Amino acid sequence: MPDLWMPGATRLDIGDHAPTDGGPAKAIAHITWDKNATAAAPSDLVPYENLVDYFGRNSSGKAVAPHLLWDPFTGRVTQFVPADSRSKSVADTAGGTRTNRAGSVVIQVETLFFPYCRTGGKVYPRLVDTPCKGWAELNAWIRSWGVPDTWPMGRPTDFSSNRSEATWETRAGWYAHAQVPENDHQDPGSWPAFIEEDDMATAEDIADAVWNHKEAAGAGSEPNRTGAVLGWMDTVHNKQSAAIAALSKQVTDLASAVAALSARLPK
């Protein structure tokens with residue numbers, strides 16, 4: 001069974017757990033949209049901690065809390081309910097589809113972002129313009145729950161709405177808040193591309209990186225294992241061509257990498 005709590009995420013369990021209805025596994029993409037800024041009048045990003053307090057400790061915020069709050073500028077993630085529980089971040093009117101429950105999982109991600117937010121002296125018009133740190137881990141964990149890397153109603157590229165209850169009821173995958181039946185929100189406006197599974201880091205890849213670093217350093221040299229691994233991971237991230245495993249998986253993979261590397265060394 002996949003992890004109920006995303007490895008590497010901060011756990012702030014609000015305790016309001018309830019089962020989903022079953023059906024196609026889904027994820028819903030949101031942005032927090034805390035302020036209405038413009039290109040002519042950008043606004044400072046709201047502190048991540050404010051949103052953690054709102055969803056995790058405020059009674060009004062708990063009533064609409066998602067599964068996850070994601071900070072694409074730092075990679076921080078806080079989780080409020082386990083993956084197999086419904087959350088309450090989309091409207092659910094009486095008599096229709098149960099939007100928060102319509103799947104084996106319906107994992108909802110609130111992203112700390114609004115258009116033309118400003119942080120570190122730079123303005124970001126769209127979510128995809130941010131560093132999107134932590135997306136690889138987030139994508140991999142949600143995929144582990146059977147949510148396929150597909151947008152049944154199309155990957156969001158703007159703030160237009162497109163809703164089909166028939167599609168929602170029958171197809172697994174990712175949905176924008178702007179695509180969920182019974183809702184009127186238009187977010188997230190954009191979303192990062194999926195990480196290809198074939199490009200994900202493996203223990204052997206890490207061992208190769210360390211070994212190659214040692215070979216380049218010359219005979220008798222001890223490899224700078226930490227530098228080599230971090231440098232390799234930075235390259236992967238910058239090219240957006242590989243996924244970095246979640247924290248617990250990183251520990252396991254690094255241990256496997258050490259074992260693979262040791263096997264190559266002279267006895």
Side-chain angles (χ1 to χ4, degrees), residues 1-2 4-6 12-34 36 51 54-56 58-70 78-115 127 138-139 141-192 194:
M1 181 180 180
L4 289 170
W5 300 88
M6 178 179 163
L12 182 53
D13 189 351
I14 62 174
D16 185 7
H17 305 173
T20 59
D21 291 345
K26 300 180 180 71
I28 304 176
H30 304 255
I31 58 173
T32 52
W33 212 329
D34 316 280
N36 291 318
L51 274 298
Y54 177 68
F55 289 128
N58 179 284
S59 57
S60 297
K62 286 182 178 181
V64 294
H67 289 79
L68 304 165
L69 173 67
W70 169 41
T78 299
Q79 187 171 350
F80 304 102
V81 293
D84 62 351
S85 170
R86 62 89 180 94
S87 62
K88 297 181 178 179
S89 289
V90 294
D92 186 358
T93 60
T97 183
R98 296 214 293 177
T99 52
N100 289 299
R101 300 177 184 245
S104 56
V105 292
V106 186
I107 299 174
Q108 305 202 43
V109 182
E110 283 279 3
T111 308
L112 178 63
F113 183 79
F114 57 86
L127 172 59
L138 190 59
N139 186 188
W141 179 70
I142 292 177
R143 184 192 292 131
S144 76
W145 278 96
V147 180
D149 290 346
T150 185
W151 295 91
M153 295 192 209
R155 180 182 170 191
T157 57
D158 57 32
F159 290 99
S160 60
S161 298
N162 170 34
R163 294 181 168 94
S164 164
E165 185 163 339
T167 301
W168 169 260
E169 291 278 11
T170 58
R171 294 189 58 188
W174 281 78
Y175 290 83
H177 193 177
Q179 297 168 341
V180 179
E182 303 177 4
N183 283 254
D184 60 6
H185 286 214
Q186 297 173 291
D187 58 307
S190 69
W191 199 260
F194 297 123

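None of the values given here were measured: they were computed from a predicted structure. Throughout, residue positions are numbered sequentially from 1 according to the sequence presented.
Of all heavy-atom pairs between D149 and F194, the closest is C-CE1, 3.3 Å. Across W151 and W174, no two heavy atoms sit closer than the pair CE3-O, 3.2 Å. Annotation for G15 and D13: closest pair N-OD1, 2.8 Å, computed over non-hydrogen atoms. Residues F159 and P115 come closest through the heavy atom pair CZ-CG, 3.6 Å. Smallest separation of non-hydrogen atoms from L69 and F55: CD1-CE1, 4.3 Å. Between P82 and H17, the shortest heavy-atom contact is CD-NE2, 3.3 Å.
Looking only at side-chain heavy atoms (C-beta outward), V105 and T20 stay at 4.5 Å or farther from each other. Within the 4.5 Å cutoff, the side chain of R86 has heavy atoms near those of the D16 side chain. The shortest distance between side-chain heavy atoms of M6 and L138 falls below 4.5 Å. With a 4.5 Å cut-off on side-chain heavy atoms, V109 and P188 do not count as touching. Side chains of F113 and D187 form no contact here, defined as non-hydrogen atoms less than 4.5 Å apart. Residues N162 and Y175 fail the side-chain proximity criterion, which asks for heavy atoms closer than 4.5 Å. Using a 4.5 Å cut-off on side-chain heavy atoms (C-beta onward), Q79 and W70 make no contact. Looking only at side-chain heavy atoms (C-beta outward), N183 and R163 come within less than 4.5 Å of each other.
For the atom pair CG of N58 and CD1 of I14, the computed distance is 11.0 Å after rounding to the nearest 0.5 Å. Note: F114 CZ to T32 OG1 = 8.0 Å, rounded to the nearest 0.5 Å. Between atom CG of residue D21 and atom CG of residue N100 there is a gap of 10.0 Å, rounded to the nearest 0.5 Å. Expressed to the nearest 0.5 Å, how far CD of E169 lies from NZ of K26 amounts to 6.5 Å. One finds the NZ atom of K62 at 15.0 Å from the OG atom of S87 (value rounded to the nearest 0.5 Å). To the nearest 0.5 Å, the span separating NZ on K88 from CZ on F80 amounts to 14.5 Å.
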Does the pair L112 and D34 meet the rule for a side-chain contact (heavy atoms from CB on, under 4.5 Å), with working shown?
CA-CA 8 Å; L112 178 63; D34 316 280; 4.1 Å; yes

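S89 places a side-chain N or O within 3.5 Å of a backbone atom of V64 that can act as its donor or acceptor partner. With hydrogens and angles disregarded, no donor-acceptor distance shorter than 3.5 Å links the side chain of S104 to the backbone of P24. Using modelled atom types, one side-chain atom of T111 and one backbone atom of H30 make a donor-acceptor pair closer than 3.5 Å. With Q179 contributing its side chain and M153 its backbone, the two residues share a donor-acceptor pair below 3.5 Å. In this structure, the side chain of E182 engages the main chain of T93 through a donor-acceptor pair within 3.5 Å.
Under 4.0 Å is where a charged nitrogen must lie from a carboxylate oxygen, and between D92 and R101 no such pair does.
Not a single ring-ring contact (aromatic ring centres under 6.0 Å, His included) links H67 to another residue, sequence neighbours left out.
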